[in-house]
Every structure is written in C-alpha cells, then in structure tokens.
Protein chains: 2
Amino acid sequence: MNDKPANSRAGWKQDPAGVRKNILAVAMEEFAANGLSGARIDEIAAKTSTSKRMIYYYFGDKEGLYGHVLEEAYRQVRTGEQELELDHLPPVEALKLLAEFTFDHHSRHPDFIRLVMIENIHDGAYLEQSELIRLLNAGAIQKLEAICRRGRDAGLFRDDVAPLELHWHISALSFFNVSNRATFSRIFGNTLFSPEGQRTLKEHLVEMVVGLALKPDRRSRR
Amino acid sequence: MNDKPANSRAGWKQDPAGVRKNILAVAMEEFAANGLSGARIDEIAAKTSTSKRMIYYYFGDKEGLYGHVLEEAYRQVRTGEQELELDHLPPVEALKLLAEFTFDHHSRHPDFIRLVMIENIHDGAYLEQSELIRLLNAGAIQKLEAICRRGRDAGLFRDDVAPLELHWHISALSFFNVSNRATFSRIFGNTLFSPEGQRTLKEHLVEMVVGLALKPDRRSRR
DNA sequence: TCTACTTTGTACCAACCGGTTAATTTCGTC
DNA sequence: GACGAAATTAACCGGTTGGTACAAAGTAGA
C-alpha cells in the first residue's frame with residue numbers, strides 16, 4: 001500500500017495559454033453539442049488534458065466558461081471572414097461572392113451555428129455582456145456597406161438598398177441551412193442537403209439577393 | 001400532533017383531460033424558455049394546478065413529457081395553418097399570401113419556434129420518434145404543390161419550380177426572423193424588428209420568392 | 001534565492017433534481 | 001353498496017453536479 005501512486009507530477013511545463021486553449025476547444029464542443037445547461041463540467045474536464053480544477057482556476061464558473069467559449073467562437077468565425085477580399089471586384093460580383101462565401105462558411109462551422117442557436121435560447125444574455133463580440137460584428141457589415149455604396153454609385157443598385165437587410169437575408173438562409181437541417185431533413189428528406197441540392201440553394205440565394213439589390217431595369221433575365 | 005393536516009384532499013374532481021392539457025401548456029412554456037435539460041420538473045409542477053406525481057403518471061418521464069409537448073406544439077401550429085384557404089386565388093396571389101401568412105404565423109408563435117430550435121439542438125431525435133409530426137408536416141407542402149401545379153399549368157411559373165425549395169426559402173426567412181432576433185438585434189439594433197422593418201422584410205420575402213417561382217419573362221419590373 | 005504564478009491530485013460537500021413509494025380518494029358499474 | 005380501476009396526494013430517496021478545500025510542488029522571472 002506504500003507504493004507511491006507514481007509521481008506523475010514530474011516533468012510538466014507551464015503553458016497557461018495552451019491550457020486555456022485546450023479547455024476552450026473542448027468546452028466549445030461540449031456546449032455546442034449539449035447546450036449551456038446540458039453540458040457537464042466533469043465531462044469537459046475529462047476530455048481535457050488538464051483537470052477540473054484548472055477550469056475553475058481560469059474561468060471562474062460554468063457561465064464564465066460559456067461566455068469565453070462564445071467569444072472564442074465569434075472570434076474564430078469573424079476572423080475567417082476577414083480573409084475575403086472583395087474590393088477589386090465589380091459590385092455585383094462582389095455581392096455574389098460574399099453571399100456564396102457566407103453560405104459555405106456557415107456550412108463549414110456548424111458548432112458556431114449551434115452556439116448561436118443556444119445563445120438565442122438564452123435571449124442573447126451572454127452575448128450582451130461581451131463588448132468584444134459586438135466589436136467583431138460591427139465590422140461584419142462593413143464589407144456589405146462598401147459593396148452597396150459602389151453599386152449605388154455605379155447606378156446598378158437601388159437607391160434604397162439597405163446593407164443591413166441584405167446581411168439579414170444572406171444570414172437567414174445560410175444560418176437556417178445549418179441550424180434546421182436536422183428537423184427539416186427528417187421531415188422532408190435529404191434532397192436539399194445533397195451536393196446538388198446545396199448548389200441549387202446557394203445559387204438561388206445569390207439570385208434572390210442580387211435581385212433585391214439591383215435596380216429593376218438592371219436585372220438580366222436568364 | 002393528531003390534528004389532521006387539514007383535509008385538503010376534500011373536494012377535487014377527476015378531470016384527466018384537463019390535467020393533461022394543463023400540464024402540457026405549462027411544460028410547453030418551460031421547455032420553450034429553458035430547453036430540455038434546462039427545464040425543471042419541479043418548476044413545471046409548481047406552475048401546474050396539479051402535482052409533480054401527475055406528470056409522471058401521465059407522461060412517464062421528462063423526455064416523455066418533452067416529446068408530447070413537441071407533438072402538441074406542432075399540432076397547434078399546423079392546425080392554424082390549415083385554416084388558410086388559397087384555392088380560389090390565382091397562383092401568384094396564392095403564393096404571395098402563403099408567404100405572408102407564414103411570416104406572420106411564425107412571428108405569432110415564438111414558443112413553437114423555440115421548441116423547434118431546441119429540437120434541432122438535439123438533432124431532431126424526439127421528432128424522429130413521432131409519426132404524428134411527420135404526418136402533420138407531410139401535409140404542410142401540399143398547399144405549395146397545388147399552387148406550383150397551377151402556376152406551371154398557367155404558364156406563369158418556371159417548369160422546374162420546386163415546391164419543397166420554395167417552402168425552404170419561406171421557412172428559412174420566417175423562422176430566422178424569430179429564432180435569431182435576440183442575437184441579431186443585440187448586435188445590429190432593432191431597426192429590422194420595428195413594425196416598418198418587419199413590413200419591409202415581409203414584402204421583400206414575397207418579392208424574392210415570387211421572383212424565384214416566376215418565369216423570367218413574366219417578372220414585372222416594379 | 002525569493003516570490004508570484006501555475007499545475008496537479010484528491011477528497012469532499014451541499015444543493016439540486018429526476019424519479020419513486022405508498023397510501024388515499026373518486027367514480028363507473030355490476 | 002361493494003369492488004376495482006383510475007386519479008390524486010404528500011413525503012421521501014439517492015445519484016448527479018457545480019463548485020471547494022487543502023496540500024503540495026513545479027516554473028519562471030526578478
């Protein structure tokens with residue numbers, strides 16, 4: 001009984017940033033999968049390369065952890081978006097590309113979508129507390145505003161085209177495509193979620209959004 | 001110690017249907033507000049006019065209750081939809097009205113939307129178990145199919161117009177408008193959710209959906 | 001070397017919470 | 001009006017779970 005339980009403490013390095021990152025990554029999966037109340041701290045701790053104690057050491061409590069996860073998710077996604085370069089394209093092409101990119105981008109980040117769903121269940125209470133997120137998002141429609149300005153100046157877009165509304169439409173279709181896939185496909189089948197189905201949806205999203213932005217007499221009739 | 005704790009049992013009536021209904025109504029609010037894992041059975045029981053034991057008596061366990069709530073929510077909403085009468089309208093008008101109705105209908109039933117969000121968080125696992133729901137929904141696109149058939153026959157709609165896809169677009173915009181209101185408005189403000197904002201969104205939803213259904217040469221240029 | 005920060009491990013707790021036991025009342029019906 | 005099934009009540013239980021206490025040791029920079 002006196003055989004020491006192995007001094008597993010020997011040989012570890014300090015890496016606060018790494019530990020935090022590791023915890024956040026695991027917690028993001030768990031919260032995205034099970035929601036705020038559904039996620040289990042013990043479960044998160046177990047999947048971490050560190051211990052439960054460290055979670056509380058760095059994030060205080062469960063809600064604190066959730067808040068940081070939410071921030072991290074927004075940061076990742078918005079950072080990815082910023083890589084899109086549109087200024088060199090004519091307005092219509094830029095708008096098309098932005099819509100297509102958003103559709104694909106959301107599709108590639110289902111965990112982010114799920115976290116936003118969860119946050120909406122909580123009426124955005126945690127998002128409210130984060131200035132960072134609001135900053136990140138404020139920049140999210142700047143691209144769209146630039147496109148609209150150029151489109152109007154070129155006489156292509158409606159005078160009353162509203163960047164925020166375009167963003168809403170693009171977001172809605174791109175978001176719904178991920179958020180409601182489970183129920184929609186269980187009820188109506190998978191056709192819309194096959195590669196061809198997705199291609200069609202994306203194509204029509206672009207068609208509709210561009211149609212909404214363009215002046216009526218500028219709409220080509222394919 | 002022998003003073004009976006008040007015979008509060010005296011004077012109650014048997015009313016199974018009423019009790020079930022009462023429980024379901026309360027549970028729907030609680031689940032919609034807090035999710036499956038977030039809702040508390042004790043809390044539901046307290047807000048009920050009956051006791052916790054009756055919940056288990058009628059619904060087995062928490063998941064059973066949730067499943068019944070989900071079914072009831074679908075039943076209520078789909079029943080409301082069926083009152084819409086479209087056969088007497090020309091196809092384009094019928095499509096417009098259906099889209100507008102759906103937008104308003106979703107807006108009027110936020111609890112239903114929230115339950116569907118929650119169900120999607122659970123990957124539609126409980127919806128899967130309900131034949132009733134699938135039956136109810138199967139009928140949901142019949143209206144749209146009828147409209148499309150008439151529209152095609154009249155030479156107004158594209159030959160390849162897809163009722164299911166139209167349903168997807170209408171649902172997406174109408175659903176997102178409720179489901180993501182919290183996060184969207186906290187980030188971008190309330191403009192789109194004011195009465196005028198909502199009117200505009202609805203109008204443009206109709207414009208886009210009709211535009212998608214119509215043959216290009218049938219699109220009037222307003 | 002001093003000191004603050006970081007990491008590990010284990011054991012523990014009190015509240016919460018889903019679910020149960022068991023007894024009692026109502027009510028149709030034979 | 002007795003009987004059994006259905007309906008209802010109140011008290012109770014035990015596992016789960018977020019969170020802590022405590023002790024100790026390794027690390028890094030000053």
Side-chain angles (χ1 to χ4, degrees), chain A residues 1-27 30-31 33-69 118 122 125-126, chain B residues 1-24 26-27 29-31 33-69 118 122 125-126:
Chain A
M1 194 76 71
N2 65 352
D3 50 3
K4 284 217 190 123
N7 197 355
S8 57
R9 269 166 180 158
W12 53 270
K13 280 188 175 171
Q14 283 193 188
D15 182 16
V19 170
R20 281 182 65 107
K21 202 172 147 189
N22 176 229
I23 293 174
L24 281 178
V26 173
E30 285 294 303
F31 280 126
N34 306 309
L36 172 51
S37 48
R40 297 284 161 252
I41 291 281
D42 285 310
E43 187 69 15
I44 294 173
K47 294 184 179 172
T48 296
S49 60
T50 178
S51 68
K52 179 160 88 158
R53 187 67 192 81
M54 294 309 287
I55 295 176
Y56 289 97
Y57 181 69
Y58 280 118
F59 300 102
D61 59 11
K62 195 186 190 184
E63 298 195 359
L65 177 58
Y66 171 78
H68 280 85
V69 164
I118 289 161
H122 298 300
Y126 299 90
Chain B
M1 193 76 70
N2 66 352
D3 50 1
K4 287 219 190 116
N7 199 352
S8 58
R9 268 167 181 155
W12 53 270
K13 280 187 175 172
Q14 287 193 187
D15 181 16
V19 170
R20 279 184 65 109
K21 202 172 146 189
N22 177 229
I23 293 174
L24 280 178
V26 173
E29 270 184 59
E30 286 294 303
F31 281 127
N34 306 309
L36 171 51
S37 49
R40 298 285 160 249
I41 292 282
D42 286 309
E43 188 69 16
I44 294 173
K47 295 184 179 173
T48 295
S49 61
T50 178
S51 67
K52 179 159 84 158
R53 186 64 189 81
M54 293 309 288
I55 295 175
Y56 288 96
Y57 181 69
Y58 282 117
F59 301 101
D61 58 11
K62 194 185 189 183
E63 298 195 358
L65 177 59
Y66 172 78
H68 280 86
V69 164
I118 290 161
H122 298 298
Y126 299 89

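Not measured: the values here are computed from a predicted model. Below, chains carry the letters A, B, ... as their sequence lines are ordered, and counting in each starts from 1.
Here the side chain of Asp42(A) is nearest to one of dA21(D), dT17(D), dA10(D), namely dT17(D). Of the candidate nucleotides dG18(C), dT8(D), dT7(C), dT7(C) has the atom lying nearest to any side-chain atom of Val19(A). With dA7(D), dG19(D), dG19(C) as the choices, the nucleotide that has an atom nearest any side-chain atom of Tyr57(B) turns out to be dA7(D). Taking the side chain of Met54(A) as heavy atoms from C-beta on, and the options dA6(D), dT20(D), dT6(C), the nearest nucleotide is dT6(C).
Put simply, OH on Tyr66(A) is 15 Å from P on dG19(D), counting in whole angstrom units. Protein atom CD1 of Ile55(B) is 15 Å distant from nucleotide atom C1' of dA10(D), rounded to whole Å. One atom, NZ of Lys52(A), and another, C1' of dT10(C), lie 12 Å apart when rounded to the nearest Å. At whole-Å resolution of the value, CG in Asp61(A) and P in dT17(D) are 17 Å apart. For the pair Tyr58(A) OH and dG19(D) P, the interatomic distance rounds to 19 Å; values are reported in whole Å. Put simply, OH on Tyr56(A) is 19 Å from C1' on dT6(C), counting in whole angstrom units. For Leu65(B) and dG19(C), the CG to P distance is 10 Å, given to the nearest whole Å. Atoms CG (Asn22(A)) and C1' (dT8(C)) sit 15 Å apart, rounded to a whole Å.
In this model, the phosphate group of dT8(C) is approached by a side-chain N or O of Thr50(A) to a distance below 4.0 Å at OP1 or OP2. Neither OP1 nor OP2 of dT16(D) sits under 4.0 Å from any side-chain N or O of Arg40(A).
When all heavy atoms of Ile118(B) and Gly35(B) are compared, the closest pair comes out as CD1-CA, 3.6 Å.
A donor N or O paired with an acceptor N or O is not found under 3.5 Å between the base of dT6(C) and the side-chain atoms of Arg53(A). For Lys62(A) and dG19(D), a side-chain-to-base donor-acceptor distance below 3.5 Å is absent, hydrogens and geometry of angles not being considered.
Comparing Glu43(A) and Ser49(B) by the nucleotide of DNA chain D whose heavy atom lies nearest to each, the residue mapping closer to the 5' end is Ser49(B).
Residue Asn22(A) forms a side-chain contact (heavy atoms from CB on, under 4.5 Å) with just one option from Val26(A), Leu24(A), Val19(A), and that option is Val26(A).
Phe59(A) comes within 4.0 angstrom of nothing in the nucleic acid, heavy atoms only. Heavy atoms of Ala45(B) sit nowhere under 4.0 angstrom from any nucleic acid atom.
A distance of 13.0 Å separates OG1 of Thr50(B) from CD1 of Ile44(B), quoted to the nearest 0.5 Å. Between the OH atom in Tyr56(B) and the NZ atom in Lys52(B) there is a gap of 5.5 Å [rounded to 0.5 Å]. Rounding to the nearest 0.5 Å gives a distance of 11.0 Å between CD1 of Ile23(A) and NE2 of His68(A).
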